[in-house]
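Notes follow the structure.
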Amino acid sequence: MRISLIIAAGGSGSRFQAGLKKKQSPSSAWPASKLFYSLAGTPLIFRTLDRFNKIPEIAEIVMAVPRGFETKMRGWTKQPGRKPLTCVAGGKTRAESVAKALRRTSKRQPWVMVHDGARPLVAEQAVRALIARAARASAPDALLLAKKVVPTIKKVQPGRSVVEATLDRKYLVEAETPQLFRRVALEDSYKTLRTAAKGWTPTDEASLLERAGYPAEVVTHDSWNPKITTLADFELADAFLKRAEPSGDRLGMGSDTHRLIAGRPFRLGGVLLPSGYGPLGHSDGDALIHALIDALLGALALGDIGDFFSDKNSKYKNKPSVEMLAEVLGRVRKQGWRPAQVDTTVHLERPRLGPFKKIIRKNLARFLALPEDYVGVKAKTFEGVGTGGAGLLVRCEALAVLRRI
Ligand code: MG
């Protein structure tokens, strides 16, 4: 089963903007669309797209965005492992935006899914349930995610206050998205809409198909799938995500110890120290870089340096540690993270590290693409105690904070 996904994100978000204006001073600069507001550290629209990125049946994504916002989506598309995404400028109404996006989808996909850009919390499991229903032989032309209505709903005439009726909620469900349609039925329903009487605009695509006479069916679920319309909705979703993802940042620690022997070059943080001895090791034995590598790997629970650069593998013999660091940084970035801060401590009796701390810090900052005041390098001796105190050891500790790119 192959599906074209349409994300309807062409609206102006006027109710959201109105909420912001009430809350802030009018001189503040607001992003022109709520879609690019950071929801627990990630733009809202990126979160919406991420919910669909792992679903194999979805072959392409076409998104209707406010005019001029197409280029802002590059932040999502340039990350590896993303599905193909095409942006089109939205129309005056939701129906118009979806129709424009539909024309850009490939006819090779027999099913079309439509989802609100402003529903970033939809559960992957609910989307899969919808697809599973469509894959069965008896599938209708239209399927939609829906929820049983819990509140008591009263019917009143517009502008009036007299209650006409209390609707029996056992007959009521709330329509959500995604909604899934056979392509032929959706395309035909748009043609019917164009020839139908003016003055009716569908608020979802399923009602368009119902009106054109196609059977529709609900798939009910009970996960939270709010449409972020007001500022209050946004704040609630933000708090919900922050609770589910305790901290936006990731933290990793690392340590490394090397014996020091005569006649080896002594590299620390990529800097060659003047010394008659240096670390014994399979690689160049740069204990500071090794500790840092373990901190970076640890922050993403990827294992340790030995899992990546085994000392059993001759390929890594005398390998410059800074090359290993570059490889690990590449891996971290590929997963969508970057170092935001590091702190390190070096325990070394001789040579005294004091004169080299600044150059080591500068070097690490350059490797990590960080400002120097985000890189800590601290030096300690072993206070003359044990093997370290005899000048036979170097020991390093590192702490790394990673942040989403
Ligand atoms: Mg080591």
Side-chain angles (χ1 to χ4, degrees), residues 250-333 337 339 341-353 356-357 359-370 375-383 385-402:
R250 304 286 294 257
L251 189 67
M253 59 170 286
S255 72
D256 196 35
T257 306
H258 281 260
R259 266 176 65 195
L260 299 172
I261 57 161
R264 286 269 296 183
F266 197 161
R267 273 186 200 284
L268 208 59
V271 174
L272 190 63
L273 303 180
S275 170
Y277 46 89
L280 179 65
H282 187 68
S283 64
D284 65 4
D286 191 326
L288 185 53
I289 301 279
H290 294 181
L292 196 53
I293 286 174
D294 265 4
L296 295 169
L297 292 172
L300 297 179
L302 291 172
D304 60 39
I305 190 168
D307 296 330
F308 287 81
F309 310 99
S310 166
D311 58 8
K312 307 280 181 301
N313 192 334
S314 61
K315 201 167 97 183
Y316 303 124
K317 182 133 182 76
N318 294 323
K319 188 177 173 75
S321 297
V322 294
E323 287 179 16
M324 298 191 232
L325 177 62
E327 277 181 54
V328 167
L329 281 170
R331 171 109 191 191
V332 164
R333 291 203 183 96
W337 297 85
Q341 192 191 345
V342 303
D343 189 21
T344 63
T345 304
V346 179
H347 302 260
L348 179 67
E349 201 71 16
R350 291 189 298 272
R352 287 291 202 252
L353 208 62
F356 306 102
K357 281 194 297 190
I359 176 83
I360 291 175
R361 184 174 83 151
K362 199 181 174 101
N363 223 28
L364 292 184
R366 187 167 53 85
F367 290 141
L368 297 162
L370 280 175
V375 178
V377 177
K378 308 187 299 301
K380 283 200 151 3
T381 68
F382 288 95
E383 296 284 337
V385 177
T387 328
L392 299 174
L393 277 186
V394 58
R395 175 176 300 152
C396 296
E397 283 143 9
L399 203 62
V401 176
L402 301 186

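Just so it is clear, the structure is predicted and the values come from calculations on it, not from any experiment. Counting starts at 1 for both ligands and their atoms, in listed order.
Partners of Ser255 by side chain to side chain donor-acceptor pair (under 3.5 Å), not counting sequence neighbours: none found. Listed by chain and residue number, Glu372 satisfy the salt bridge (Lys or Arg N to Asp or Glu O under 4.0 Å) test with Arg361 (two or more places apart in sequence, or in another chain).
Side-chain contact between Pro339 and Leu402: present, with at least one pair of heavy atoms (C-beta onward) separated by less than 4.5 Å.
Of all protein N, O or S atoms, those under 2.8 Å from the Mg ion (ligand 1) number 3.
Panel note: side chain Lys380, backbone Leu348; no donor-acceptor pair is recorded below 3.5 Å. In this structure a side-chain-to-backbone donor-acceptor pair under 3.5 Å is missing from Asp284 to Pro320.
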Per-pair distances, 0.1 Å, donor-acceptor, side chain in residues 258-274, under 3.5 Å, sequence neighbours excluded:
| from | atom 1 | to | atom 2 | distance (Å) |
| --- | --- | --- | --- | --- |
| His258 | ND1 | Leu280 | O | 2.8 |
| His258 | NE2 | Asp256 | OD2 | 2.9 |
| His258 | NE2 | His290 | ND1 | 3.4 |
| Arg264 | NE | Pro279 | O | 2.8 |
| Arg264 | NH2 | Pro279 | O | 3.3 |
| Arg264 | NH2 | Gly281 | O | 3.3 |
| Arg264 | NH2 | Ser283 | O | 3.1 |

